[in-house]
> 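A single structure is presented below for examination.
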Amino acid sequence: MLDKTHQFVPGLKANNFLILEDGVPQTITSVRTTQTPITAVMLLEFAANSYYLINDMRNASYYFFRSLRPDDYIAVITYDLRTHILTDFTNNKDLIAQSLQSLMIPGFSDTNMFDALYETLDRTSRIEGRKYIILIGSGRDTFSKLTLDKILAKVKNTPNITIFTISTGALLNELRSGGAHANSTTSRPRIR
């Protein structure tokens, strides 16, 4: 991890390290990585204004939690106007699947992503060790009390938490923008 930013640096090799003993450089013969159990929160956008994106969210969620090892723990939280804890930390994949299957009809249209992320950071900061938040959503924030500056300050000042984001709605965004060739110099008919 970088001292200044606390970010994880993958792929380090022996020549990336300098070990001194009494001021004399030592030879490093090998560097090994170990896999330790993870503690993660899946923070999922589940709101009526993102109804068409819910399938993307479900698919990404299933792929993520199915890849977990037996000693990894995960919690599932959704957000719309408020956050909702569907599953507290567990390593029971069946329980996680049931909580995702319970997501049928969203209640509110607002997506308070900044507020939900702030609350989740607060909750996870009380847990010892390294934690992860997997934020799966459209990136839309319609009603949060917090500003972007405030949530970025909270992220920066919360140690031992890495946030991964997975965007939903790529196909819908592609269709809205007219496809990848929308800015092309050749003229093409577009459906509007």
Side-chain angles (χ1 to χ4, degrees), residues 1-20 28 30-47 56-97 99-100 103 111-141 144-168:
M1 287 180 71
L2 297 174
D3 288 336
K4 198 172 196 176
T5 61
H6 300 287
Q7 289 185 311
F8 176 71
V9 181
L12 294 175
K13 308 233 182 303
N15 62 353
N16 298 117
F17 296 91
L18 173 64
I19 297 179
L20 302 173
I28 301 171
S30 68
V31 173
R32 289 179 277 145
T33 58
T34 59
Q35 290 190 344
T36 58
I38 67 167
T39 302
V41 175
M42 280 196 303
L43 182 60
L44 312 173
E45 178 180 332
F46 185 66
D56 282 356
M57 176 271 294
R58 271 200 191 109
N59 288 337
S61 301
Y62 278 106
Y63 280 117
F64 174 73
F65 91 81
R66 290 285 181 210
S67 70
L68 296 174
R69 295 177 313 252
D71 52 351
D72 295 335
Y73 279 80
I74 188 163
V76 181
I77 300 175
T78 62
Y79 69 93
D80 50 23
L81 191 59
R82 292 183 287 276
T83 59
H84 311 276
I85 299 174
L86 299 183
T87 306
D88 204 349
F89 288 101
T90 183
N91 61 353
N92 183 337
K93 289 183 180 183
D94 293 332
L95 188 59
I96 297 167
S99 68
L100 292 173
L103 298 173
T111 53
N112 296 352
M113 182 181 69
F114 295 162
D115 291 350
L117 183 56
Y118 191 97
E119 189 177 320
T120 304
L121 284 165
D122 243 14
R123 284 184 176 141
T124 53
S125 67
R126 296 179 220 144
I127 300 167
E128 299 251 344
R130 189 101 190 113
K131 289 111 12 203
Y132 303 90
I133 296 174
I134 293 70
L135 174 60
I136 303 175
S138 66
R140 202 172 21 200
D141 188 294
S144 282
K145 296 175 198 110
L146 295 170
T147 63
L148 177 61
D149 290 341
K150 287 182 181 174
I151 190 62
L152 289 176
K154 177 70 171 175
V155 168
K156 185 177 180 180
N157 293 321
T158 308
N160 297 323
I161 297 178
T162 302
I163 302 169
F164 295 97
T165 57
I166 300 173
S167 178
T168 57

> With rounding to the nearest 0.5 Å, note down the distance linking CG in Leu117 to NZ in Lys154.
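Reported value, rounded in 0.5 Å steps: 10.0 Å.
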> Identify each donor-acceptor pair in which a side-chain atom of residues 13-20 lies under 3.5 Å from a protein atom, sequence neighbours left out, and give them as a table.
{"unit_1": "Asn16", "atom_1": "OD1", "unit_2": "Lys13", "atom_2": "N", "d": "2.7"}

> Answer whether the closest heavy-atom distance between the side chains of Phe114 and Leu148 falls below 4.5 Å.
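Yes; the side chains approach each other to less than 4.5 Å.
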> With sequence neighbours excluded, what pairs up with Phe89 under the ring-ring contact (aromatic ring centres under 6.0 Å, His included) test?
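By the ring-ring contact (aromatic ring centres under 6.0 Å, His included) rule, Phe89 matches no residue at all.
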> If only atom types and distance count, is the side chain of Arg82 paired as donor or acceptor with the main-chain N or O of Asn112 below 3.5 Å?
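No, because the side chain of Arg82 does not come within donor-acceptor range (under 3.5 Å) of the backbone of Asn112.
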> Heavy atoms, side chains only, cut-off 4.5 Å: are Met42 and Ile96 in contact?
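Yes; the side chains approach each other to less than 4.5 Å.
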> Side chains of Thr83 and Glu119: do they bring a donor and an acceptor to under 3.5 Å?
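The criterion, which ignores hydrogens and geometry beyond distance, is satisfied for Glu119 and Thr83.
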> Minimum heavy-atom separation for Ala97 and Tyr62, please, with both atom names.
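Scanning both residues, the minimum pair turns out to be O-OH, 3.8 Å.
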> Lys131 pairs by side chain to side chain contact (heavy atoms under 4.5 Å, CB included) with which of Ile161, Thr162, Thr158?
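Single pass found, and it is Ile161.
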> Report yes if the side chains of Leu135 and Met113 come closer than 4.5 Å at any heavy-atom pair, otherwise no.
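Yes - at least one pair of side-chain heavy atoms lies under 4.5 Å apart.
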> For Lys93 and Leu68, indicate whether the former's side chain and the latter's backbone hold a donor-acceptor pair under 3.5 Å.
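It does hold such a pair.
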> Give me the atom names and distance for the closest heavy-atom approach of Ser138 to Thr168.
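Ser138 and Thr168 have their closest heavy atoms at N-OG1, 3.3 Å.
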> List the residues meeting side chain to side chain contact (heavy atoms under 4.5 Å, CB included) with Asn91, not counting sequence neighbours, and say none if there are none.
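Here the qualifying residues are Tyr73.
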> Identify, with sequence neighbours excluded, every residue that meets side chain to side chain contact (heavy atoms under 4.5 Å, CB included) alongside Lys145.
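Counting only residues at least two positions away or on another chain, Lys145 forms a side chain to side chain contact (heavy atoms under 4.5 Å, CB included) with Asp115.
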> Which residues satisfy the ring-ring contact (aromatic ring centres under 6.0 Å, His included) test with Phe64, sequence neighbours excluded?
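Partners of Phe64 under the ring-ring contact (aromatic ring centres under 6.0 Å, His included) test: none.
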> Looking at every heavy atom in both Arg69 and Ile38, which two are closest together, and how far apart are they?
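Of all heavy-atom pairs spanning Arg69 and Ile38, the closest is NH2-N, 4.4 Å.
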> Please name all residues satisfying salt bridge (Lys or Arg N to Asp or Glu O under 4.0 Å) with Asp141, sequence neighbours left out, ordered by chain then number.
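Checked Asp141 against salt bridge (Lys or Arg N to Asp or Glu O under 4.0 Å); zero matches.
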> Side chains of Phe65 and Leu100, heavy atoms from C-beta outward: is any pair under 4.5 Å?
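In contact.
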> Just how far is it from atom CD1 of Ile136 to atom CD1 of Ile166, taken to the nearest 0.5 Å?
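Answer rounded to 0.5 Å: 4.0 Å.
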> Determine the minimum heavy-atom distance between Gly129 and Asn160, stating which atoms define it.
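That closest heavy-atom pairing would be O-CB, 3.6 Å.
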> Are any of the side-chain heavy atoms of Arg123 and Val41 separated by less than 4.5 Å?
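No, every pair of side-chain atoms sits at 4.5 Å or beyond.
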> Determine whether Phe46 and Asp80 make a side-chain contact, defined as any pair of heavy atoms from C-beta on separated by less than 4.5 Å.
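No, too far: nothing below the 4.5 Å cut-off.
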> Do you know which two heavy atoms are closest between Leu121 and Thr124, and how far apart they sit?
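Heavy-atom minimum between the residues: O-OG1, 3.3 Å.
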> Search all heavy atoms of Glu45 against all heavy atoms of Arg140 and return the closest pair with its distance.
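Minimum heavy-atom contact is OE2-NH2, 3.7 Å.
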